[in-house]
Amino acid sequence: MATKPDNTAKASAPLSEDELQDLVASADTGARNPAGSAGYVIAGVALCWSLFQLYIASPLPFTLTSITGLPLVLNDAQSRAIHLAFGLFLAFMAFPALSSSPRDRIPLADWVLAIVAACCALYIFIFYRALAGRPGLPITQDLVVAGIGMVLLLEATRRALGPPLAIVALVFLAYVFFGSSTLVPDIIRWGGASFSRAMDQMWLSPNGVFGVALGVSSAFVFLFVLFGSMLDRAGAGNFFIKLAFALLGHLRGGPAKAAVLASMMTGLISGSSIANVVTTGTFTIPLMKRVGFSPEKAGSVEVASSVNGQIMPPVMGAAAFLMVEYVGISYLEVIKHAFLPAIVSYIALLYLVHLEAVKKDMPVIAKRVQHPAMVALMRSGIVIASIVILVGAIYYAINFIKYALPDLSAPVLMLALLVAYVALIWYAARSPDLEMDDPNAPVVELPIAVDVVRTGLHYLLPLFVLVWALMVERRSPGLSAFYAVLLLIVIILTQKPLKALFRGLQNQERRAAFKEGFDDLVVGLILGARNMIGIACATAAAGIIVGTVTLTGIGQVMAEFVEFLSGGNIFLILVFTAMISLVLGMGLPTTANYIVVSSLMAPVIVELGAANGVLIPLIAAHMFVFYFGIMADVTPPVGLASFAAAAVSGGDPIKTGFTAFFYSLRTVLLPFIFVFNTDLLLINVSWLGAIWVTIQAIVAMLIFAAATQGFFMARSRLWESAALLLVTFMLLRPGFFLDLVQPPYVETPPTQIFEAVKEEPDGASIRFAIRGPNFDNPDQMDERTMAFDLGAAGEEGQARFEAATGLVARVENDAVVLEEPFDMNSLAGKTLSKLDFYADEPVRITAVEVSNEDRMPREIFYIPAVLLLLLVMFMQRRRGGTLGGNPHAGRPRPAEA
């Protein structure tokens with residue numbers, strides 16, 4: 001079983017390197033690594049899994065099918081079954097049943113469980129055609145296999161991920177069977193399902209275990225996890241850490257800033273908060289402690305930056321690919337919406353740790369080469385300009401080749417890529433290879449950025465291929481990752497032999513270098529597969545929750561429950577949704593917690609928002625619950641990432657968790673802002689608008705960091721911190737204040753609803769009040785205010801109204817009467833389900849509101865925000881403060897050896 005933190009743990013000595021690696025293995029790859037034939041079986045199966053995933057992601061199956069005529073292309077159901085079979089087999093082989101179970105050997109019982117579990121998953125692959133021929137009519141054999149498979153899946157999930165997800169899945173499964181019991185509260189009671197119906201839903205159909213989540217794991221997530229694992233094996237992880245320290249290590253609080261930057265770069269390719277904490281924290285946390293951070297604060301900085309890696313595109317802990325399926329937008333759209341909040345959050349964290357260092361007057365680590373400030377600024381500007389020019393030149397050169405040589409562009413570009421790779425390896429061979437420094441060594445010497453960059457430029461080529469294929473070629477995420485992994489395979493195999501060649505080493509040394517590269521490739525493929533064990537089990541087990549929501553309609557009950565608690569107040573709806581998402585996400589890995597919270601809570605936000613007169617885009621709702629789901633990795637008492645950081649720092653894990661949550665307040669604030677101000681998600685924003693929104697958001701979040709730290713130009717007084725919070729809110733949500741001055745909607749007579757709808761422009765919204773008798777108590781009149789997006793203009797008023805709302809209305813005797821919604825599963829159908837459309841008193845639209853086009857621009861409220869900020873700056877300047885910190889706090893001094 002994965003080793004989980006003890007919630008009663010206190011501050012203790014930091015764990016050794018071997019203990020930390022065991023912690024990561026227990027959480028991610030499996031603590032069991034037996035010698036002999038059993039070890040070869042685990043390694044061999046993991047290797048086969050990686051090769052299988054590369055095979056189905058490549059064009060090879062289609063080529064072989066066209067050549068041989070054999071059906072070698074697998075459909076989604078077949079590939080998902082094989083994917084889960086590999087995951088279940090390795091879960092029982094690599095993860096011990098208990099912490100006391102043997103790790104140096106595999107008990108016979110685990111062999112049996114692994115084989116049976118794999119066979120239960122493969123049953124879908126082997127009998128695919130037979131199952132397709134009897135949908136909803138399982139035979140006894142089907143039910144036996146499904147029942148055994150469900151039990152073994154839950155046990156594999158418990159081993160690989162700990163009890164939380166398995167317990168959540170069991171609770172939902174119990175609700176499926178016993179939902180009609182009198183022990184179940186009336187509000188969530190339902191008719192219950194038979195064993196046959198439940199197993200058909202959960203195991204034998206694509207609506208449960210083998211649903212969308214497992215499909216995303218098989219098609220996309222595996223390749224990105226493999227890409228990250230192999231990139232790290234190639235040496236890019238060490239390169240990122242060294243580069244971060246070379247760029248930021250010499251600044252005040254440099255190790256903390258380097259930890260933030262290194263965790264962000266690692267988060268680009270990582271799917272695990274815990275692995276990110278341990279990988280970068282092993283080096284950064286001891287250095288943070290050396291310059292003055294307490295063990296808890298050092299661990300908290302690492303936790304805040306590592307967990308934020310899960311909101312950083314392109315992987316987002318695999319949630320990016322799930323959002324594509326759940327929200328129904330392209331992968332590029334998901335990346336666009338997620339990018340700005342992630343970047344802003346990281347910039348604010350950098351400023352936060354800077355303020356922490358200034359408050360404590362922390363020393364700096366001496367830089368080997370010092371440049372005057374102006375020279376350093378000019379050098380940075382030249383580097384940035386050079387990168388921009390180079391990227392632009394490459395972009396236009398590639399497009400020119402594709403235009404000039406349309407038939408030969410592919411081989412020409414591949415040759416150019418190969419030449420660039422060899423040239424970068426030759427350039428890297430002129431410098432010694434990077435070695436991981438010992439953070440506990442008596443003297444720390446920061447690397448020089450130019451020297452670090454020279455050794456690792458070739459690591460950027462796979463990232464370039466990935467981004468180019470995704471952003472420019474518009475390839476699928478799976479195929480893009482496949483091309484990037486192919487290039488990584490070439491790099492791992494050849495980088496060491498080529499360096500040996502360019503350094504003039506002997507043939508024997510070159511052969512040894514090639515063998516070392518081949519070993520690195522095999523290990524990278526194996527580790528990539530082992531890193532996927534937990535994700536495969538998590539997506540499969542989360543399918544139980546998704547299947548339960550689909551089968552029982554519990555999602556609608558959750559909406560009613562949240563609305564009851566909030567009284568229809570949209571802010572309270574968000575608060576309660578955030579709290580539920582935090583609880584649901586506790587102890588779950590990123591992928592699983594997103595599946596769970598998005599299945600239950602994202603539709604709640606959208607439905608209740610529209611049902612209470614506020615339109616919230618679906619992507620904003622999914623991002624909202626995703627942010628609060630991953631905050632569970634930080635928040636005590638579970639906070640797995642906080643416990644991992646405490647194991648590195650030797651600090652108190654609970655105190656580390658609370659401090660990390662305080663540092664992550666900006667991650668808590670952002671979702672509440674972008675739900676109302678969707679400009680932060682770059683929804684319907686032009687390029688110029690995006691630049692303005694980015695600047696505005698960065699400034700606002702820096703001010704928020706200063707407010708929460710109680711330090712800006714000097715130590716802030718209470719009223720100054722409150723003023724900075726107000727400035728933050730005015731910059732991020734100016735529309736709130738404009739709504740107080742000028743209403744966002746203006747009323748129009750209800751009988752003119754169709755004329756008003758026809759005149760509204762593209763993308764306009766409409767709001768109307770509905771009043772009608774309660775279905776259960778016809779003497780009671782219920783009222784509801786709903787909002788709808790009218791979509792594109794051009795249709796007749798009534799047709800546009802019906803298309804946008806799903807409602808049919810007619811004007812009768814100076815009143816607008818509604819008919820019962822045709823689709824009761826639509827937003828209107830769910831919202832109005834409590835109204836009686838057949839009572840003597842009809843259901844009517846009593847008020848209609850359309851967008852107020854005559855309002856002044858909301859940016860007008862930036863003026864009082866700037867004036868208030870200038871007042872705070874003036875008051876702190878009078879006390880001797882500066883933007884760089886308090887000059888009287890002391891001069892920078894070198895860190896002690």
Side-chain angles (χ1 to χ4, degrees), residues 327-329 553 555-556 559-560 563 568 570 602-621 678 683-684 744-775 778 781-853:
V327 181
I329 59 178
Q556 180 63 23
E560 294 176 1
E563 187 173 29
I570 190 64
V604 169
I605 295 178
V606 175
E607 290 176 15
L608 292 185
N612 289 278
V614 179
L615 288 177
I616 299 174
L618 185 58
I619 182 63
T678 57
I683 296 177
N684 298 326
Y745 293 91
V746 291
E747 286 197 27
T748 189
T751 53
Q752 297 179 15
I753 183 171
F754 299 137
E755 291 82 354
V757 166
K758 182 179 180 180
E759 293 172 1
E760 287 296 290
D762 286 349
S765 58
I766 189 172
R767 206 162 65 169
F768 47 83
I770 300 172
R771 189 171 188 271
N774 184 278
F775 187 84
M781 301 299 289
D782 289 349
E783 294 187 7
R784 170 75 73 183
T785 299
M786 298 188 68
F788 291 95
D789 186 342
L790 291 175
E795 293 183 279
E796 289 296 323
Q798 187 165 357
R800 189 182 184 193
F801 171 84
E802 293 177 0
T805 65
L807 293 169
V808 175
R810 64 182 186 275
V811 179
E812 288 184 359
N813 301 325
D814 296 329
V816 181
V817 178
L818 286 178
E819 297 181 8
E820 184 178 21
F822 179 75
D823 182 5
M824 295 306 294
N825 290 319
S826 65
L827 173 62
K830 293 176 181 178
T831 305
L832 305 179
S833 60
K834 297 295 181 67
L835 298 183
D836 188 353
F837 286 83
Y838 301 100
D840 294 335
E841 182 74 18
V843 178
R844 297 176 179 176
I845 294 178
T846 57
V848 176
E849 296 177 324
V850 295
S851 300
N852 186 356
E853 302 294 338

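Only this structure's heavy atoms are used, side chains among them; waters, hydrogens and symmetry mates stay out.
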**Message:** With heavy-atom distances below 4.5 Å as the criterion, would you say the side chains of S833 and F775 are in contact?
**Reply:** no

**CG (D762) with more than 12 external heavy atoms under 6.0 Å** = yes

**Fill in**
CD1 of I766 to CG of D789, rounded to nearest 0.5 Å, is 11.0 Å

**Prompt:** Shortest non-hydrogen contact from Y745 to S765?
**Reply:** OH-OG, 3.1 Å

**R784 side chain vs L835 backbone, donor-acceptor pair below 3.5 Å** = no

**Item:** Beyond-backbone contact of R767 with T785, side-chain heavy atoms, under 4.5 angstrom
**Value:** yes

**Item:** Least distance between heavy atoms, P773 atom then P842 atom
**Value:** CD-O, 4.2 Å

**Asked** At their closest point, which heavy atom of A809 faces which heavy atom of V816, and how far apart are they?
**Response** CB-CG1, 3.9 Å

**Asked** Looking only at heavy atoms, which two atoms of A621 and I616 are closest? And how far apart?
**Response** N-CG2, 4.3 Å

**Asked** What's the verdict on side chain to side chain contact (heavy atoms under 4.5 Å, CB included) for R771 and E783, showing C-alpha distance, side-chain angles and the deciding distance?
**Response** CA-CA 4 Å; R771 189 171 188 271; E783 294 187 7; 3.1 Å; yes

**Fill in**
Rounding to 0.5 Å, atoms CZ (R810) and CD1 (I845) come to a distance of 11.5 Å

**Item:** Side-chain touch E759/V850, heavy atoms, less than 4.5 angstrom
**Value:** no

**Asked** Side chains of L807 and P821: closer than 4.5 Å at any heavy-atom pair?
**Response** yes

**Complete:** What one should report as the nearest heavy-atom pair of T831 and A611 is CG2-CB, 3.5 Å

**Prompt:** Quick one: are I570 and N612 in side-chain contact, heavy atoms under 4.5 Å?
**Reply:** no

**Asked** Can you name the ring pair (Phe, Tyr, Trp, His ring centres under 6.0 Å) partners of F754, sequence neighbours left out?
**Response** F801

**Prompt:** Between V843 and L832, is any pair of side-chain heavy atoms under 4.5 Å apart?
**Reply:** no

**Message:** I'd like to know whether I683 forms a side chain to side chain contact (heavy atoms under 4.5 Å, CB included) with I619, so could you lay out the CA-CA distance, the side-chain angles of the two residues, the decisive distance to 0.1 Å, and finally the verdict.
**Reply:** CA-CA 10 Å; I683 296 177; I619 182 63; 3.8 Å; yes

**Asked** Considering residues, nucleotides and ligands other than E796, do more than 12 of their heavy atoms fall under 6.0 Å from its CD?
**Response** no

**Message:** If I compare all heavy atoms of T748 with all of Q752, which pair ends up nearest, and what's the gap?
**Reply:** OG1-OE1, 4.2 Å

